[in-house]
Participant: 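Take this structure, written in structure tokens, and hold onto it; I'll ask about it next.
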Amino acid sequence: MVSAMILLQNRTEELARLSLFVTAFCDRQGLSCDLELVLNLVAEEIFMNVVMHGHPEEGGHEIGVTLSQRGDHVELSVEDDAKEFNPLNAAEFDPATPLEQRRIGGLGIHLLRKLMTELHYERSGGKNRLTMRKLIPSN
Amino acid sequence: MEIIQENVDGYAVLGLSGRLDGVTSAAVEAAIQKAADAERGMVIDCANLRYISSIGLRVVLTAAKLMQAGKKRFVVCGVTAPVREVFDISGFSKILEMKGTREEATK
């Protein structure tokens, strides 16, 4: 098992560091470009969700992101100290919604559900922890 | 993120390269607002776009609605495989006009 962790401030600019962290991990582990893009996307969705909705103002909080490779799975875990929020409770989004009826929101969690194999939410010690696993494609 | 804007036959063509994410979305949205007065419509050329997140998708959606409100055309062209997957999963490929090249888009 190989694992890497980064602590980020709850600021939009930190997204650049998050992206470098994910890319470096994938390079080190020899993971494919496609998988790297998926992990970058999923990490951004969760991170931006905490930055925009978890805390009313930017700064002063830390968001921990951990990436691990366990056997044939890669695991991404995001931990924050914002108010209790389980994104997995969000209503299922319908991708067939026509343009006129499309509204902001719901898209991020829909992408997580489609791109990752397994999602798990836990609230403990005053923290939200979302853990997502994905099977590494064998080719 | 680099945004190159051109006007082709009454269309505002915005060529995006790099990442359309939480950091770059505001700049792209500003460029879209500025280009919204194009006579016939807007084309977003994604040939050099290698990453899009849900925040980026929202910017694309804003542009589509803006054009729809003005009864103009809105076309996305040149989408490459990884970005295409995100467009497909979110259903955007079905609700937006998608073309292969900017030549086809401005026809």
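For clarity, every value in this text was computed on a predicted model and none was experimentally measured. Values reported hereafter were calculated over all heavy atoms of this structure, with side chains retained and with hydrogens, waters and symmetry mates removed. Letters go in sequence order (proteins before strands), and every chain restarts at 1.
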Participant: Which residues, numbered in order, of residues 113-125 of chain A come under 4.5 angstrom of chain B by heavy-atom distance?
Facilitator: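 Interface residues of residues 113-125 of chain A: A/Lys114, A/Leu115.
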Participant: Is it true that A/Val65 and A/Leu130 fall in one hydrophobic cluster, defined by side-chain heavy atoms closer than 4.5 Å?
Facilitator: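 They do share one cluster, since a chain of ILVMFWY contacts under 4.5 Å joins A/Val65 to A/Leu130.
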Participant: Is there any residue in residues 34-48 of chain A with a non-hydrogen atom under 4.5 Å from a non-hydrogen atom of chain B, and which ones are they?
Facilitator: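 Checking residues 34-48 of chain A against chain B gives A/Leu37, A/Asn40, A/Leu41, A/Glu44, A/Glu45, A/Met48.
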Participant: Are A/Met52 and A/Leu8 joined in one hydrophobic group, where the rule is that I, L, V, M, F, W and Y side chains link up if heavy atoms are under 4.5 Å apart?
Facilitator: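 Yes.
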Participant: Can you hop from A/Ile63 to A/Leu7 via hydrophobic side chains spaced under 4.5 Å?
Facilitator: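 Per the 4.5 Å side-chain linkage, A/Ile63 and A/Leu7 are not co-clustered.
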Participant: To the nearest 0.5 angstrom, please state how far the CD1 atom of B/Ile55 sits from the CG atom of A/Leu15.
Facilitator: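 The distance works out to 7.5 Å.
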Participant: Considering only residues two or more places apart or on different chains, which pairs with a residue in residues 60-78 of chain A satisfy salt bridge (Lys or Arg N to Asp or Glu O under 4.0 Å)?
Facilitator: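 Every salt bridge (Lys or Arg N to Asp or Glu O under 4.0 Å) pair that includes a residue of residues 60-78 of chain A, provided the two are not neighbours, is A/Arg70-A/Glu75, A/Glu75-A/Arg133.
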Participant: Please report the closest heavy-atom contact between B/Ser54 and A/Leu111, naming both atoms and the distance.
Facilitator: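 Answer, listing the atom of B/Ser54 first, then A/Leu111: CB-CD1, 4.0 Å.
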Participant: How about residues 78-95 of chain B versus chain A: which residues have heavy atoms under 4.5 Å apart?
Facilitator: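 Only B/Pro82, B/Glu85, B/Val86, B/Ile89, B/Ser90, B/Gly91, B/Phe92, B/Ile95 of residues 78-95 of chain B have a heavy atom under 4.5 Å from chain A.
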Participant: Under a 4.5 Å heavy-atom cut-off, does chain A meet the side chain of B/Arg50, its backbone, both or neither?
Facilitator: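 The answer is both parts of B/Arg50.
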Participant: Do B/Met42 and B/Ile4 land in one hydrophobic cluster if side-chain heavy atoms of ILVMFWY residues count as linked below 4.5 Å?
Facilitator: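 No, B/Met42 does not connect to B/Ile4 through the hydrophobic network.
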Participant: Do B/Val75 and B/Val28 land in one hydrophobic cluster if side-chain heavy atoms of ILVMFWY residues count as linked below 4.5 Å?
Facilitator: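 No, separate clusters.
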Participant: I need the residue from A/Ser19, A/Pro98, A/Ala96 with the largest number of non-hydrogen atom pairs under 4.5 Å to chain B.
Facilitator: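 Looking at each of A/Ser19, A/Pro98, A/Ala96 in turn, A/Ser19 comes out on top.
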